[in-house]
Enquirer: 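What follows is a structure written as structure tokens; I'll ask about it next.
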Amino acid sequence: MKGLMQDWPLTVMSIIDHANRFHAEREIVTRTVEGPIHRCTYSDIHLRARKCAQALVKLGMKQSDIVATMAWNTHRHMEIWYGIMGLGAVCHTLNPRLFAEQLTYIINHAEDKLIFLDTSFVAVLEGVADTLPDVKGYVIMTDREHMPETSLKNVHCYEDLIDAEDGDFAWADVDENDACGLCYTSGTTGNPKGVLYSHRSNVLHALAANSADALGMRSVDAVLPVVPMFHANAWSITFSAPAAGAKIVMPGANMDGASIYELLDTEGVTVTAAVPTVWLMLLQHLQETGVKLPKLERVIIGGSAAPRTMIEAFERDYGVTVMHAWGMTELSPMGTLGALKAGMEDLSFDEKLDIKVKQGRAIYTVEMKITDDDGKELPSDGVAFGHLMVRGPAMAGAYLKDEGGNILDKDGWFDTGDVATLDPLGFMQITDRAKDVIKSGGEWISSIELENTAVGHPDVVEAAVIGIVHPKWDERPLLIVIAKEGSNLTKEDVLGYMEGKIAKWWMPDDVVFVDEIPHTATGKIQKLTLRQTFKDYTLPTAAAAE
Ligand code: AMP
């Protein structure tokens, strides 16, 4: 028997319609690329998104076309998202930190027809424009006064386009399963692959990601997504915040500690989200200046593992609750968040930290299990670790143009490429990327755990661990460290500090000091490059074993 409920399509336009109808006055505050702080409301975003859709029609765009953006988190970027998606077209977020060849590949692979860009990225696109045959024009996201000189062809000024429209536009009549967003994965191996989100997957994900034990945003909250809109949908915030009626504070191009602090403070931000490197800069700023953040309630940390010392600093020194999160572009992107469960209130601070360093529990809609190399499910005992497999309605079922072929097993599970443990209470802990795990004498060593332990040393700024070939053990860990400026940190200091904090046989065989550790476009340590750099490195323990 069929249910008798209304057939109400889950489209992202319904989100901004809701915000306009019930939270029209709520603010979107932006540190603009031009400099000054800009204030508008959901009502303004709703109107300007419809004007943007009208402008897109005039520029020849139609349903199912792919329209790209290369932009910071700003009110303009947000209204353009809704404008593109509201036309029934697909919004392709470009990561400006990608190399020129990767950008060319992605833009051509997606067959982007038009690119919206911030003035900051004019030079980036000028550098590749000759290699983009499908791109018919560019819209520079500024006003007439700030329009830059450019060699780009068919260039439009965004504010001029918006000024020419009246906003009398009815959202396209789309099917909820139609595509509305496109984001390429970082692709550490092979070409980047396009994850094509649907209206339905984005709406379901926005609802699930904003449940109380997850992002948990309410209408009284002010949220600052430092995580870029070009990195996996800004973790759903540009969808889930308007659904909740929360105020949004957009950081624009400035993500240094002082700039983020200023916005958190002056705008009364209660919830904020970013990768660990951003929080490292903020914590440094807080420590140097001695300022506090009395209004900030929750910090979401994800994208890479949050070190224990970082969680501890936020919670102990600043009274801010840390939610450790894990996700992937393919998951829309939130998979797990680390809210404590009933019965954990009375645990000691350190016991709570033990739980918070884990990546958290699956949000509703995310199914999760760990398996061995033969695909057999491993126990959720918090000890066994294996391949992390997921499935759910907001996860990729295939990549754009079927790149990479069939990505699901026969039961619909997607192999995340991460290695993890699951404990009996449902908390998941990433031990590594499958290809980064160090295989020593048939056992696995977690590079992430070694890195997190090393950065606990007050003179270690950043740490990376890779496996180096070893004649006896196959691989042994090499610890690569950036030391604090002016410190006289030695190998013995670091190893002495780590002793007792990790299993004895996990101790790195050597420590090297470097000035810089390479990062990917989404802020992750580039292990591939490090392995290349240290491919001929001989560990001191290797000679002894031979
Ligand atoms: P991306 O699709 O660029 O967001 O990258 C997804 C990958 O980032 C995951 O498969 C993990 O390897 C890594 N990742 C994301 N969040 C975390 C986290 N909290 N701890 C450890 N790794 C993470």
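Numbering of ligands and ligand atoms starts at 1, following listing order. Worth saying up front: this structure is predicted, and the values here are computed from it rather than measured.
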Enquirer: Could you tell me, atom by atom, which parts of ligand 1 come under 4.0 Å of a heavy atom of Gln359?
Expert: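 With Gln359 as reference, the close atoms of ligand 1 come out as 18 (C), 19 (N), 20 (N), 21 (C).
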Enquirer: Testing Ile301, Leu353, Ile300 for side chain to side chain contact (heavy atoms under 4.5 Å, CB included) with Val322, which one passes?
Expert: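 Only match with Val322 under side chain to side chain contact (heavy atoms under 4.5 Å, CB included): Ile301.
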Enquirer: Taking the basic N atoms (NZ, or NE/NH1/NH2) and the acidic carboxylate oxygens, is any pair closer than 4.0 Å for Lys356 and Glu315?
Expert: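 Here Lys356 pairs with Glu315 in a salt bridge, since their nearest N and O are under 4.0 Å apart.
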Enquirer: Would you please say whether a donor-acceptor pair under 3.5 Å links the side chains of His77 and Thr69?
Expert: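 The criterion, which ignores hydrogens and geometry beyond distance, is satisfied for Thr69 and His77.
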Enquirer: Tell me whether Asp418 reaches ligand 1 (any heavy atom closer than 4.0 angstrom to a ligand atom).
Expert: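 Asp418 counts as a contact of ligand 1 under the 4.0 Å cut-off.
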Enquirer: Hey, is Ser304 one of the residues with a heavy atom under 4.0 angstrom from ligand 1?
Expert: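 Flag set, Ser304 near ligand 1.
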Enquirer: Is Glu475 salt-bridged to Lys439, going by a charged N under 4.0 Å from an acidic O?
Expert: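 Here Glu475 does not pair with Lys439 in a salt bridge, since their nearest N and O are not under 4.0 Å apart.
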Enquirer: Side chain or backbone, does Met328 bring an N or O within less than 3.5 Å of an N or O on ligand 1?
Expert: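 No: no nitrogen or oxygen of Met328 is under 3.5 Å from one in ligand 1.
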Enquirer: Which pairs count as salt bridge (Lys or Arg N to Asp or Glu O under 4.0 Å) when at least one residue sits in residues 300-310, sequence neighbours excluded?
Expert: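 Output for this query lists Arg308-Asp354.
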Enquirer: For Phe414, enumerate each residue passing the ring-ring contact (aromatic ring centres under 6.0 Å, His included) test, keeping only those at least two apart in sequence or located in another chain.
Expert: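 Here no residue qualifies.
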Enquirer: With a 4.0 Å heavy-atom cut-off (strictly under), which part of Pro333 contacts ligand 1: side chain, backbone, both or neither?
Expert: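 The answer is neither; Pro333 stays 4.0 Å or more away.
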Enquirer: What atoms in ligand 1 come closer than 4.0 Å to a heavy atom of His231?
Expert: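 With His231 as reference, the close atoms of ligand 1 come out as 1 (P), 3 (O), 4 (O).
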Enquirer: With heavy atoms only and a cut-off of under 4.0 Å, state how Ala232 meets ligand 1: side chain, backbone, both or neither.
Expert: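 None of Ala232 does.
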Enquirer: So do Phe385 and Ser446 actually touch side chain to side chain, heavy atoms under 4.5 Å?
Expert: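 Side-chain contact under 4.5 Å: no.
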Enquirer: Within a distance under 4.0 Å of any heavy atom of Thr329, pick out the atoms of ligand 1 and give their elements.
Expert: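 Those qualifying, in numeric order: 1 (P), 2 (O), 3 (O), 4 (O).
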Enquirer: Distance under 4.0 Å to a non-hydrogen atom of Ala325: what atoms of ligand 1 satisfy this?
Expert: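 Under 4.0 Å from Ala325, ligand 1 has these atoms: 16 (N), 18 (C), 19 (N).
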